[in-house]
Amino acid sequence: MNENGSKVIETINLKKEFSVKVKNKGKIRETRVLKAIDGINLHVYEGETLGLVGESGCGKTTTAKVLLGLYPPSSGKIMLEGDDISHLNRSQMKSFRKQAQMVFQDPYESLNPRFKIKHTLMEPLEIHGIGKNKKERYEMAKKILGEAGLRPAEQFMERFPHEMSGGQRQRVAIARALVLEPTFLIADEPVSMLDVSIRAGILKLLRSMIAERKLAGIVISHDISLIRYISDRTAVMYLGKIVEQANTEALIKKRYHPYSEALLEAAPNPDPEVKFSLEKIKGEAPNAVDIPSGCRFHPRCPKCMEICKEVEPKEIEIEEGHMVMCHLYGGAGNE
Amino acid sequence: QFVASTEEPASGDEAVTNQLDPADQVPAIEFWIQTQAADPIRYEAGLMVAESWKELGFEVDAQTREWASMSAEGMKAHEHDAFMVKWGGKPERVDPYHWLYSMHHSSAADEGGYNIAGYINPVYDALAEEFATNLDLEARQSAAMEMQELLARDVPQPPMFKLELKNAYNQAKFTNVTPGVGLGVYSFWNFMNITPKTDDKILNLGQVNDINLLNPLATKTGQDIYMLKNIYDPLVRLDVKGEAVLWLATELNEIDDTTIEITIRDDVKFHDGEPLTVEDVKFTFDFAKEVNSPTYKGHVKSIESVEITGENTVTFKLFEPYAPFISNTLSQCLILPKHIWSKAYEEKGAEGVLTWDNLPAIGSGPFVFDYWRPNEEFALKTNKEYFQKPKIDAIIRTPYAQAIGLVQGLVAGEVELTSANMLPLDLEAVAKNPDIAIVELPDEGSYIIHYNMRTAPFDDVYARRALTMAIPRQKIIDVVLDGGGLSTFSLISETNEFWFNPDVEQLDFNLDAARKELENAGYRWDDKGRLYYPENFQVTPIMPE
Amino acid sequence: MRLAKYLFKRLIIVFITLFILVSIVFLMFRVIPGDPVSMFIDSGLDAESQQLMMKLYGLDKPIPEQYIIYMKNLFRGDLGNSFTYGKSVVEVISERFLNTLVLTLTSLMIAFTLGIKTGSFLAWHRNSKIDLVGTILALIVRCAPVFWTGMILLSIFAFKLEWLPLGGMTSVGQNFTGFWDKILSLDFLKHLILPAITSALYSMATPTLLMRTSMLEVIKEDYIELAYAKGIPEKKVRRRHAMRTALLPVVTIFAVQAGLAIGGSVLVETVFRWPGMGREIVLAVSSRDYPMAQGAFLFIGFATIVFNLIADVLYAYLDPRVSLG
Amino acid sequence: MKNIFKLFKKNIIGIIGLSIFMFFVLVAIFADQLAPYDPMEIQFFAEGGVKRLLSPSMGHLLGTTYMGRDIFSQMVIGTRIAVLVGVISAVCVAFIGTNIGLIAGYFGGIVERILMGIVDVMYGIPFLPFALILVSVLGPGVQNVILAIVLITWRNSSRVIRAQVLSLKNRTFIEAAKLSGASDFRILYKHIAPNVVPVSLIYVSTSMASAIMSESSISFLGLGDPMQVSWGRILFTCYQSQAMFKAPWWVLPPGIAITLLVLSGYMMGRAFEEIANPKLRER
Amino acid sequence: MTLLDVQKLSIEYRLSDGKLRAVDQVSLKLESGDVLGLVGESGCGKSTLVKGIINLLPSNGRIIEGDIVFEDVVLNKLSKESMRKKRWKEISLITQSAMNSLNPVYRVGDQIAEVIIEHEKVGKRSAMEKAEELFDLVGLDRGRLQDYPHQFSGGMKQRAIIAMSLALNPKLIIADEPTTALDVIVQSQILERMNNLLKGYSGSMILVTHDVSVVAQTCTKVAVMYGGKIVEYGDVVQVLKKPNHPYTMGLKNAFPSLIGEKRELVSISGTPPDLSKEILGCRFAERCPFVIERCKGMSLEKTEVENGYFYCIRHAEKEELRKRADLPETWESEV
Ligand SMILES: Nc1ncnc2c1ncn2[C@@H]1O[C@H](COP(=O)(O)OP(=O)(O)OP(=O)(O)O)[C@@H](O)[C@H]1O
Ligand SMILES: Nc1ncnc2c1ncn2[C@@H]1O[C@H](COP(=O)(O)OP(=O)(O)OP(=O)(O)O)[C@@H](O)[C@H]1O
Ligand SMILES: [Mg+2]
Ligand SMILES: [Mg+2]
C-alpha cells in the first residue's frame, strides 16, 4: 500500500524544545531546556495510517502539534506534499490549516462548551469562506455530522457538548476535523477517554473516514493493541525519539528494540489463561529534561551494554521498511 | 444638582426689555466656596449668598474649593472672581494696621499682597499712609475713621458677619478664667490667671488640632505661635484688650520717629538657667534677619538696626516711622536664647535652623516645655522661677482631631478648658455636665467676601454695592449659626472701641435696594430676569464724590 | 542562597515599583492646585515671607530639579522635612506607622482567628441553614462601611453605655516610658478595643468566606476521602487534612489584607481619632505638606508591596507544591 | 449566557442580591418622583424657625438634618449617585480588566510582561490614599471619584482573568479553533472571552460593591462631590455636625443603604463565583 | 471461609430533582484469598458499591437496603466509631484516582505513618520504620519517604498508596481503578507486585476496573457490573472464556489483543442506561442484540452456575448466543 502513494507528510530531523521552569531543591524555580522531540524522521503516504506509540510524556502529542503547526519546530523540516511548511507566514498558515486537521484525546475538552454543535462545525467553514451563505454551510455541516454517525443530524446540530455522551462528542470532533476536507489527519489518543464498549465504533469510523478520503493519517496511542487495529505502520517512540518503525503486523510479530519488546509484553491481554510475563524493564521513563547519555533507554534496558551508556545509536533499516535504533543491531562501534 | 436657580423675573418695571444685546449681559460670577469638610459654616453661607445673588439676576457658578487651592489662587494670586474667607481677629490686629493698611493700600495689590480685592483709591492711600506713619494716636484714629467710611461705601471686600464665640471650661475645677481678645481662653493671660479650685493644679486643655512646630522662626499657625508665647517672652505683650503692656521691657523710650530705646528686666532666666540679656535681644532681631525667618520677616523688616546701648538697654533704629512698631513688632518677636541658636546655626546653617524642630524648646517664659507626643499630648509645666507665676502647675494639651471628641471630653471631665468654639449642639451636649461653664466673647475677626475689582462685574462699584446688599446676613446668622452671630459692616470689630467707626454706611440685606442701586446705575434685566449692563457702560471703580 | 537571590530579584522589582509610585505621587502633588505656603497666608505672611518660605521648602526651583533632589535624598533614606511639623518625615511617619500597624495587625489577628474558625465551620455544615445565614452575615459585616460601623459602636459602647473611651489612643495625662510600656498598658487596650473590633468586623468576612470556599474545595479532594478511608477520626480529618490545606490561601490573603488594611486605615483612624498613618495622609494632602504626603504614601505603598512579597514567599513555604520564580 | 442565567436563578444568594440591587435601581430611576423635597432645601416651620433635627414623622419620614433638610429625600436622591458610581465603575473596571487580562494572558511574552508589570505596580498603590490625592488634584466630583476607583480596581480583575485565560488558552478546544484557521482576534473574543464571562461577572458585581463603598468612604472623608447628595456625604455631614449620637434617624439610614447595596453586589458576585467554580456548586 | 458477604445491597443518591439508584440489589461473596475483579463501564456504580461496603458514601448517598457482612459483622449496622476502627485495619480502600489521594501538604512518609499511628498506637519512630519496610516492598526508595507527593511521578504515587494500603495487613484491600492513569509498563509492574504481596499474606482484594484485560491478568473472580447491577459473577476463566451474559460477551469482543490473528473490534452500540430513571427488567435490553419482548418485563431471572451466577432470561440459549456474539455483524445493527 505504501508504494503506490506519494508521501503526504514527511519530517526531517524534526526537533522541538521547550524551556521549562523546573523546581530545584530550594523553593526557587530555574529554567531548563526540555527536549520534547529530539530529531524524528517520519513520513506518511497518502491513504496510509501511521500509528505512534509510546509511554506518557515521550513526545507523541508534541509531535502531532508540531506537525500541525500549533507549535513552531525548533529545528528540522516538515514537508507537506513536498513543500516545506516549517516556517509559514500568516496567510500561508491559514491555507495550510485547511489541509491538516486533528482529533484530540479528550472529547470533553476539545469542544467549546459555549458553542452549539452547529457553531463548532460551521465555524471553520466560515473562517475559510467555504460555502456561499449560512444555509449552505449549515447543510455541509449537517452532512458531515451524519457521516460521523450522529443521526438525525438536525437534532444534534442544536445541542451543546454537555448534552452529549463522550462517544458522541468524539464523533463531533471527527466531523469537525473533516469538515474542511483536509489531506492529512492526526488523531491523538482518540479513544482513551471513552468506555471500552464504544471505542471500537470510533476507531472504525476514523478508519473508514481516512480510507474513504484517502487521507494520510497518524493515530497516536499508548496502547499498542489498539494501534494494531487501525494503523498500517507503527512507530515506537521513546523520550522524543522514534526507536523502531515498521509495518504494524511485522512489528507485532518481530520487534527488535528492547523497548518495543517491553511495551508489547506489558500490554494486558483479555485472555485470562495467558498471564503477564515477569517484569522486564525497571522503573519509569526519565524526565525529558534530563535525558540519559548515550542510548536514552539504557538505564532501563535489560540488554544494556557498555557502549549504550555513551554512544547514541543510529537508525538502521534492519529489514525492508523496518527501522530500528539500537546498538544490538547497529554493529557496535561505528560512530 | 441642587443649586437650582430660582430665578424670578424681576418685578415688572421699566428696566425689563426684550431686545437686549447679549454682549451686554453681565458676565457670570465664579464664586468659590470652601468645602464642607473644611468649614461647614462657610460652605452653607456661601451657598446662601450664591442663591441670593442669583435672585438679583447675576449668573453665579458656585464652586467648592479646598482651602489650599483657594488661598493659592485667590488670596495669593488674586485670580478669583469672588470668594469667602474668615479673617481671624488676633490681638496684633487690634491696632487695625492689618485691616486698614495691609488689606487695602494699593501697594499690597500685587501678587502675594493682602489687598486681595485690588482696591485702588488714591484718597484712601493717602489716609492709609498717614495712619501708618504718624505716631500721633489721634491723627491715626481720625484717618482710620475716614478709611472705614470709604471702605463701607466702595465695598471692595465687605465683611458680612462674625461669630459670637463661646469657650467652655470646667468651673468646678477652675476659676478666674480670663479670655483675651481674639484668642478667647487660648490667650496667654488666661494661662497666667486661671486658678485651680482644687488640689489638681494641672490644666487639661483640649483642642481640635495638635501643635505642629515649635520653632519660633519658622512656625506658621496661630495654635503654635500662641503656645510659643507661653514658653518664650516678647519685649511687650498685648493685654486682654490688645493694648501693649511692658513685659521683658521695663521702659520704652521713643527718642525720635525712628529711634526707640528699650530697657529690659535683669531678672529673667532661660529655662536652662542661662540669664536673658540684651545680647539675646539684639541677637534675636539680627538673627531673624540673617537667616531670613519667614515668621519674623514681616515684623523685622522695618528695623534698620538694633544696638546695645547699655547694660540693660537696646536701641532700635527704624528705616522710617512705623506706628504699630510697639504693638505689632515688639509684641510678636519672641526673644531667643543666643547660646542655643547661635550654636544651632553653626551646626545646621541658616536653612537648617529654619527646618529645625527646636525640641525641647527653651525659652524664658512662664511655662517650660515638658514633653510632646505628637497627636497625643503636649505638656508644659510652670516655670517656678518666673517673675510672675501662673497659678497652675502644668498644662496638658490634647488634640482631639474632631470637635465631637472634644465636646465629649468636656462632658466626661477629661477636658477642663477649650478655646474651640461651642456650637449650639455642643452647648446642648456639654449642658449634661453642670460643671461646664461657658464664656462668651465676640470674635474680633469676621467672614468676608473678597471681590476682585480687577474683573467684571466687580470692577463696578454699583455692582459691588448691589451684590453686597444681596448678602442675606441675618438669614445666614439664623439658619447657619443658629442665631450665634452678628452682622458686621466694618472690618474693625465694634468691641475695638478706639478704632471702630459706628457711623459707616451699612449696606445690609435688602434686595429691593440692591435692585434700585443697579437700576439707578442703568443696569437692565431681560424677561428671564438676567442682568445686563447699562447702555454705553462705563466702569465706575469707586464711588464718585 | 537561592532564596536570597530570588529575594534580591524581587526587591529590585519592589524598588522599581516604589520608584514609579514615588514619581507618580511626586508629579501628582506638583499639579494639585495650591501650595503649602499659601495655606498660611491668612496668618500674616506677607509676600516676601511667602517667597522665603517657598525657598525654604525648595519649591522655588523648577520641578525637574526638585524631582532630582527628592530622588537623591530618597536614595539616602531621607524623605525630607515635613512642612507642617518641621521634623524629618521619616521620624514623624515611623511613629504614626507603628500606631497604624498596632491597630491593623490587632484587628487582622482577631479577624483571621475568628474568620478561619467560622469559615471552616460553615463549610463543614455546607448546605445547611447555618451555612446560608452565616454566609450572608459574613457578607453583611463586610458590606457595612467601617466608618459607619465605627460610629454606631461608638454611639453604643462609648456614648450610651460609657464602657469605653470615645477615641484616641491613650487617656489624657498618662505618662508612658516608652512605646512598649504604652502598648501594653490597660489604658491603651481600652482605647484599642473599639477601633480594633470595628475594623476586625470589616476584615473578618474575607478570611471567613475564603476559608469556607477553600474548605469546600478541599473537602471534595480525594485525599479527604482517603483520610476517612484510613479510619482517621472526623475531627482529625477536619483539622489535620482539610483545614491545614484550606488554610493556605487564607494565610496568603492575610498578608495581602494587611497591606489593604493599612491603606484603608484612614477611615477607622478618622472615626476613632487614632493617631495613625491614614489620618496623617489626609492632613498632609489637605495642607499640601508634600514631603509628608509623599512619604506617607511611600510607606503605605512599601508596606503593601512588602506584604505582598511576604505573601508570595510564605505561600511557597507553606505549600510544598508551589515554588518561587 | 443562558446557562449562566439558569444557574444564577438557582442561587438563593444571587437572587437576593439581584432583588436588592433592582430595588435600588428602581429608586434611583424614580428618585425625582419619590423624593418629597429638594434634598438640599432648608425646611422652615410656618412661624419661621428652621426644622432642625426633627425625628421621623409623617411630614419627614426619616426626620431632618441639623440644617433642616429632609433626610428621606436625601436618601432617595443619594441612591442615584450610589447606583451611578457603582454601575459605571463596575462596567469600566470589568471592561478594562477583562480586556487587559485577555490580551496579557493570550499573547504572552513581552505584552504580558509589560501589562502584568503595570498591574504589579498598581498593586503597590494603596487605594484610599491614592484616591484622596487624585481627587485633590482633579477636584471633587463624581466623575473623578469614578476615575480613581476605575484606575485602581481594574488590576484585580485583570490578574484573575489572565490566569483564567492562561488555563483556557491551552484547552484543546482553543487548539481546535486554531486548527480551523481562526485568527487570534476571533479566538480571543469568540472562544475565550465567553468562557471568562462568569469570572468577569464576578468582577462586575464585586467592583460595583467596592466602588459604592469607595465612593461613600471618599465622601465620608469630605472629598466627595460637594454639589451632589450621596449617602457617604449624608454620613459625613451628620458626623461633622456632631449630631451622630443624637440623631439615630440620621446615622442609620445611609449606613444601612450602603450596606444593602454593597451587599447586593457581593451577593451577586458570590453567585457568579459559584457558577464559575463548579467545585463550589455541586455538593 | 467467607470474608465478605454483600447481600442485596442497594444504594441511592439524592439528587436535586429526584433520586438515582447507583447500586441495585447487588450480592457478592468473597472468600479469603480471592481477588475479585469488578468490571463495568463508567458510571455503572462500581465506586459506589465499594464505597458502600466500607460506609464511605458521600453525604447524599445512602444504603437503602441489604447488608454487608464482613467476617460475621454487619458493617452497615456498626456505629460510626467502630466502623472507623475497622477501616484500613481490616479493609483498606485505595480510592479512584489515587494520584490525587495523597495530601499535597504532608510528606508521603508522614501520611503512611499517620495511619499506622492512628490504628496501632505506636510512636512516630516505629511507624516510620514500618513505612520504610513498606517502601521496600513496593519497590520505592526509602529516601523518598521524606518527599512531598508532587515530587513523585504517577507510578510512584500509586506505589506509595499501595504501600500505605498494606501498612496494617488488612484482610481486604479494595482498589478502585488503581492503574487507570498509568502507562502499560508501569501498570503491569504494579499489578504484578500487588498480586505477589497479597499472596504473601493471603489477603483478599477487590479490584475495580473497566479493563477486562486487567481482570484477566490479575483476578481469580470477576463480577461484571452494568447499570447498577452485577449481571454476571463467577471465576475469571469461566466468565471470560465462556460468558453467559450478552453484555459480557460484547465486552470481551470489544477488547483488542496483540495475541493471535488481527480481529475486527466490535463495539456495543448505544449508551448505558440513565440510572436516575426507573428501569424495568434487564438493564442491558436497550443495547442487547438478543433482546426479546420479555427482557423488558418486570422480572429478572438469576441463573446460578458453578461458583457464580448471571441474570439473563435467555439463559437456556446461552451456547447459541455465545456463538452469534462472536460474529461482528451481530453487534452492528445500528451505528
Ligand atoms: N507546552 C509545553 N511546554 C513545556 N513542556 C511541554 C509542553 N508540551 C509538552 N511538554 C513536555 O514535553 C514532553 C512530551 O510531551 P507530550 O505531551 O508530547 O507527550 P505525550 O507522549 O503526548 O504524552 P501523553 O501520553 O501523556 O499524552 C513532556 O515531558 C511534556 O511535559
Ligand atoms: N455523589 C453523587 N451524587 C449523585 N450521583 C452520583 C454521585 N456519585 C456518583 N453518582 C452517580 O452514580 C452513578 C454511579 O457512579 P459511580 O461513581 O459509582 O460509577 P463508577 O462505576 O465508579 O464509574 P467510573 O468508572 O466512571 O468511576 C453514576 O451515574 C454517577 O453519576
Ligand atoms: Mg499526549
Ligand atoms: Mg468509579
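Residue numbering restarts at 1 for every chain, and letters A, B, ... go by the order of the sequence lines.
For D/Met244, the parts sitting under 4.5 Å from any heavy atom of chain C are the backbone and the side chain alike. Within the 4.5 angstrom heavy-atom criterion, no atom of D/Leu223 approaches chain C. Contacts between C/Thr304 and chain D at a heavy-atom distance below 4.5 Å involve the side chain alone, from C-beta outward. Contacts between C/Ile281 and chain D at a heavy-atom distance below 4.5 Å involve the side chain alone, from C-beta outward. Heavy atoms of C/Thr135 lying under 4.5 Å from chain D belong exclusively to its side chain. Contact of D/Leu134 with chain C is made through backbone and side chain together, with heavy-atom distances under 4.5 Å. Neither the backbone nor the side chain of C/Ile219 comes within contact range of chain D, judged by heavy atoms closer than 4.5 Å. Neither the backbone nor the side chain of D/Ile212 comes within less than 4.5 Å of any heavy atom of chain C. Heavy atoms closer than 4.5 Å to chain C are found in the side chain of D/Ile13, but not in its backbone. Contacts of D/Leu263 with chain C are made by both backbone and side-chain atoms, with heavy-atom separations under 4.5 Å.
The candidate with the highest count of non-hydrogen atom pairs below 4.5 Å against chain D, out of C/Ala144, C/Ala303, C/Gly263, is C/Ala144. Annotation: maximal heavy-atom pairing with chain D below 4.5 Å, among C/Val266, C/Val31, C/Val146, occurs at C/Val266. Ranking C/Ile20, C/Ile136, C/Val282, C/Leu132 against chain D, the residue ahead of the rest is C/Ile136, based on heavy-atom pairs under 4.5 Å. With respect to chain C, the highest number of heavy-atom pairs below 4.5 Å among D/Ser217, D/Gly222, D/Ser264, D/Ser136 belongs to D/Ser217.
No side-chain heavy atom of D/Arg270 sits less than 4.5 Å from a side-chain heavy atom of D/Tyr266. Contact check for C/Leu21 versus C/Phe302: no side-chain heavy atoms found under the 4.5 Å cut-off. A heavy-atom distance below 4.5 Å is not found between the side chains of C/Trp163 and C/Ile156. Side chains of C/Leu260 and D/Phe127 form no contact here, defined as non-hydrogen atoms less than 4.5 Å apart.
Considering all non-hydrogen atoms of both residues, D/Ala209 and D/Gly265 come closest at CB-CA, 4.1 Å. Heavy atoms only, all atoms of each residue included: D/Asn11 and D/Ala271 are closest at ND2-CA, 3.5 Å. Residue C/Leu103 comes nearest to C/Val268 through the heavy atom pair CD2-CG1, 4.3 Å, listed as atom of the first residue, atom of the second, then distance.
Aromatic ring pairs are classed by plane angle as parallel below 30°, tilted from 30° to 60° and perpendicular above 60°; the pair D/Phe130 and C/Phe297 is tilted.
D/Ser230 places no side-chain N or O within donor-acceptor distance of the main-chain N or O of D/Gly78, the cut-off being under 3.5 Å. Between the side chain of C/Arg288 and the backbone N or O of C/Val285 there is at least one donor-acceptor pair closer than 3.5 Å. Of the possible donor and acceptor atoms, one in the side chain of C/Arg279 sits under 3.5 Å from a partner among the backbone N and O of C/Arg273. Between the side chain of C/Glu269 and the backbone N or O of C/Gly278 there is at least one donor-acceptor pair closer than 3.5 Å.
Interface with chain C: from residues 110-123 of chain D, residues D/Asp120, D/Val121, D/Tyr123 qualify, criterion being any non-hydrogen pair under 4.5 Å.
By the 6.0 Å contact criterion, CG on C/Leu137 is enclosed, its count of non-hydrogen atoms from other residues, nucleotides or ligands being greater than 12.
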